[in-house]
2 protein chains.
Amino acid sequence: MNIGEASERSGLPAKTIRYYEDISLVAPDRADNGYRDYSASDVHRLRFLHRARNLGFSIDECRLLLSLYSDRNRASSDVKAMAEQKLSEIDAKIAELQSLKSALQPLVDCCHGDDRPDCPILDDLAGHGGRRAQVLA
Amino acid sequence: MNIGEASERSGLPAKTIRYYEDISLVAPDRADNGYRDYSASDVHRLRFLHRARNLGFSIDECRLLLSLYSDRNRASSDVKAMAEQKLSEIDAKIAELQSLKSALQPLVDCCHGDDRPDCPILDDLAGHGGRRAQVLA
DNA sequence: TCTTGACCTTCCAGTGACTGGAAGGATTAG
DNA sequence: CTAATCCTTCCAGTCACTGGAAGGTCAAGA
């Protein structure tokens, strides 16, 4: 099948699929007219990539996952370790965003948000927030 | 002061400070020997940038914040609107990460993680997870 | 047969926000 | 005088695409 159909079936944009070929994640056949020709297993691979990317795995991690997937002898513990690491990265990002939020929220809350030029948010960014506690060191 | 001291005082790496000059966020003087010469207000500006970047504002948003900061006539509502938008972006990112987590966690939980090749995580990625619900559509 | 439009190809460049490194000049301490 | 440290510029790489230009191919309709 052509790239358009492979795109539809995998959920990935055609541009992305070509890019994945550039970086050797898929290797479709070529038809006589030069068009890429995707097999069902190519599409399978693309769907795998789509899912794994959606789960937050990097391209290199996807590459590893694909090789583990096709390795009859791999242990599930290898994959589990990667997934667990991903989970802890996700937790760390959530924590970071929440601390960002708790730094920004009080500034928004105490900004009157009217036409006057006085603005606690800018004051804090400037590093002289007056009586208010500094948000960042 | 030289870039090294400006770096220490602002908390930004020298490389980053030079980059900020490239993109016209700061414009230090030059000494006779060609070295950059940072004033106290340059450092002030760099600290402002450092704080704003840490709060999740993009470079372009920082540029805008800086211009609002030096605009005697700006209304605090302008800044508040930006900060509120930032907050909702942060909330959206947190929600996304949490849904990522709730997709990945059950896979990790049900993977036995031993030497056997059977692995629910890869099965799910491959799109044929058996009796388990598919994590992704 | 011709034409239109959809689809495909390659290649180049840009994104955001830096970061690393090479090659070389300036300054400072001993 | 020398060695170490600091500074300079410039180029290239990161990550994972994405946009666009220029042009080839194909299927359907007049």
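Side chain of A:Arg47 to backbone of A:Arg9: a donor-acceptor contact under 3.5 angstrom is found. A donor-acceptor pair under 3.5 Å links the side-chain atoms of A:Ser39 to the main chain of A:Asp42, judged by distance alone. Within the 3.5 Å criterion, the main-chain N or O of B:Met1 finds a donor-acceptor partner in the side chain of B:Asp37.
Applying the salt bridge (Lys or Arg N to Asp or Glu O under 4.0 Å) test to B:Arg45 and every residue at least two apart in sequence or in another chain returns nothing. Partners of B:Asn33 according to the side chain to side chain contact (heavy atoms under 4.5 Å, CB included) rule, which considers only residues two or more places apart in sequence or in another chain, are B:Ala31, B:Tyr35.
Here chain A contacts DNA chain C (any atom closer than 4.0 Å to a heavy atom, that is under 4.0 Å), and the contacts span C:dC7 to C:dC11 from 5' to 3'.
Counting only residues at least two apart or on different chains, the side-chain hydrogen bond (donor to acceptor under 3.5 Å, both in side chains) pairs with a member in residues 85-98 of chain A are A:Glu61-A:Lys86, A:Gln85-A:Glu89, A:Lys86-A:Glu89, A:Asp91-B:Lys101.
In this structure, the CD1 atom of A:Ile59 is 11 Å from the P atom of D:dT18, given to the nearest Å. Following rounding to the nearest Å, B:Glu5 (CD) and D:dC7 (C1') show an atom-to-atom distance of 14 Å. Rounded to whole Å, the distance from CD1 on A:Ile3 to P on D:dT25 is 17 Å.
Listed by residue number, the members of residues 16-37 of chain B with any heavy atom below 4.0 angstrom from DNA chain C are B:Thr16, B:Tyr19, B:Tyr20, B:Asn33, B:Tyr35.
For the helix from C:dT1-D:dA30 to C:dG30-D:dC1, the axis fitted to the five pairs at one end and the axis fitted to the five pairs at the other end meet at an angle of 20° (nearest 10 degrees).
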